[in-house]
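All remarks here apply to the structure that follows.
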Protein chains: 2
Amino acid sequence: MAARSEAKAFRIAEGELGCCPSVVEAPLGENDAVELAQVMAALADPVRLRLLSIVASSDEVCSCELEAPLGKSQPTISHHTKVLAAAGLISGDKRGRWTWWHANPARLAAVRDALGR
Amino acid sequence: MAARSEAKAFRIAEGELGCCPSVVEAPLGENDAVELAQVMAALADPVRLRLLSIVASSDEVCSCELEAPLGKSQPTISHHTKVLAAAGLISGDKRGRWTWWHANPARLAAVRDALGR
DNA sequence: AAGACAGATTGACAGCCTTCGATGTAACTG
DNA sequence: CAGTTACATCGAAGGCTGTCAATCTGTCTT
């Protein structure tokens, strides 16, 4: 099940959102819609949006620096970073005891492009 | 409850997503995050994404023209149009027996801007 | 090696969301 | 007026999601 979960995460993160006409140009195919919806779902939570904005605003943020500003428990933060990473929006760099997170601007740009021009 | 639902829908649709720094510029405030997440949630479903793309691709679409291409029942289509309308992404024009839907490009642009430049 | 520490995982619970059948409500048609 | 049509609403079922306490894994320090 861990394998399937990771495989799914891989697929989401590797999907090329920019490969297709944007939402406003032509009716979306079913597969493209599912893929885009998965990334949108990652962005459809207030805690994750704030987490992403914190990470995107600085170069690198470690998980321990997220707990306080977001007001959530450590397992919850871990869960959300995992979801955002699975969507390809952030990436984690494990150095020693800490995991350093940084944003993936290209991915966010791909979402924007998929949404309209 | 209908009143509250409509009040909420109004608030979502009227929220000015473009009023604040984008996600990548500065940490998002809690209220802004909740508001943006609500719009994202409307976009986080494959059926709604396809529905939006169909509506956005043509000038006007009536509800009865959505059932077939989306492969969903009439109550389901009605539910999804309601969600997208509450998020301000589409608007419905009731003429006679038909409801004609059209996209709201400005709202989609606001989402794009909130997501990054 | 022992203890402390960062963070991932598990399990459980509550709430929400998608979906559809059944029903309600207008509006047009004959 | 009776019937039909387009759409909204209700209620229920099933699945998914966010949250945290408890636990496990790996790393650093002493």
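All chains are named by letter (A, B, ...) in the order of the sequence lines, taking the proteins before the strands, and each is independently numbered beginning at 1. Computed from a predicted structure; not experimentally measured.
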#### Entry: Options C/dG7, D/dA6, C/dA22, nucleotide nearest the side-chain atoms of A/Cys62
C/dG7

### Message
Any side-chain to backbone donor/acceptor pair from A/Thr76 onto A/Lys72? Under 3.5 Å, distance only.
### Response
no

### Task
Answer yes or no: is there a donor N or O on one side and an acceptor on the other, between the side chain of A/Ser78 and the main chain of A/Pro75, under 3.5 Å?
no

### Task
Could you state the atom-to-atom distance from CD of B/Glu65 to P of D/dA6 in whole Å?
11 Å

### Query
Hey, does the side chain of A/His80 come within less than 4.0 Å of D/dT19's phosphate (OP1/OP2), counting only N and O?
yes

#### Entry: Pair of N/O donor and acceptor under 3.5 Å linking D/dA6 base with B/Gln74 side chain
no

### Query
At under 4.0 Å, does any side-chain N or O of B/Thr99 touch on OP1 or OP2 of D/dA6?
no

### Task
Using whole Å, report how far CG of A/Leu49 lies from P of D/dG18.
11 Å

### Task
Hey, which sits more toward the 5' end of DNA chain D by its nearest nucleotide, A/Val47 or A/Pro75?
A/Val47

### Query
A/Ser63 has a side chain; which of C/dG7, D/dA8, C/dC20 sits nearest to it?
C/dG7

#### Entry: A/Leu52 vs B/Val23, side chain to side chain contact (heavy atoms under 4.5 Å, CB included): CA-CA, chis, key distance, verdict
CA-CA 7 Å; A/Leu52 175 61; B/Val23 165; 3.9 Å; yes

### Query
Given D/dA8, D/dA21, C/dG7, which nucleotide is nearest the side-chain atoms of B/Trp101?
D/dA8

### Query
Which sits closer to the 5' end of DNA chain C, A/Ser78 or B/His79, going by the nucleotide each is nearest to?
A/Ser78

### Query
Is there a donor in the side chain of B/Trp101 and an acceptor in the side chain of B/Ser91, or the other way round, less than 3.5 Å apart?
no

### Task
Could you tell me whether the phosphate oxygens of C/dT18, OP1 or OP2, come under 4.0 Å of any side-chain nitrogen or oxygen in B/Lys72?
no

### Task
Return yes if some donor-acceptor pair links the side-chain N/O of A/Glu67 with the main-chain N/O of A/Cys64 below 3.5 Å, else return no.
no

### Query
Can you check the A/Glu67 CD to D/dG18 P distance for me, whole Å?
18 Å

### Query
Going through the checks in order, is the side chain to side chain contact (heavy atoms under 4.5 Å, CB included) test met by B/Leu115 and B/Met40?
CA-CA 10 Å; B/Leu115 237 47; B/Met40 289 307 199; 3.0 Å; yes

### Message
Is A/Thr76 close enough to D/dG18 that one of its side-chain N or O atoms is under 4.0 Å from OP1 or OP2 there?
### Response
no

### D/dG18 phosphate, OP1 or OP2, under 4.0 Å from A/Arg48 side-chain N/O
yes

### Message
From CD1 of A/Ile77 over to C1' of D/dG18, roughly how many Å is that when rounded to an integer?
### Response
12 Å

### Query
Taking OP1 and OP2 of D/dT9, is either one under 4.0 Å from a side-chain nitrogen or oxygen of B/Lys82?
yes

### Message
From CG of B/Leu51 over to P of C/dT19, roughly how many Å is that when rounded to an integer?
### Response
11 Å

### Summary
Rounded to whole Å, the CG-C1' distance (B/Leu84 to C/dC17) equals 14 Å

### Message
Rounding to an integer number of Å, can you tell me how far B/Met40 CE sits from D/dT17 C1'?
### Response
18 Å

### Euclidean distance, atom CZ of residue A/Arg95 to atom C1' of C/dG7 [Å, nearest integer]
15 Å

### Query
Side-chain N or O of B/Arg97 less than 4.0 angstrom from OP1 or OP2 on C/dT29?
no

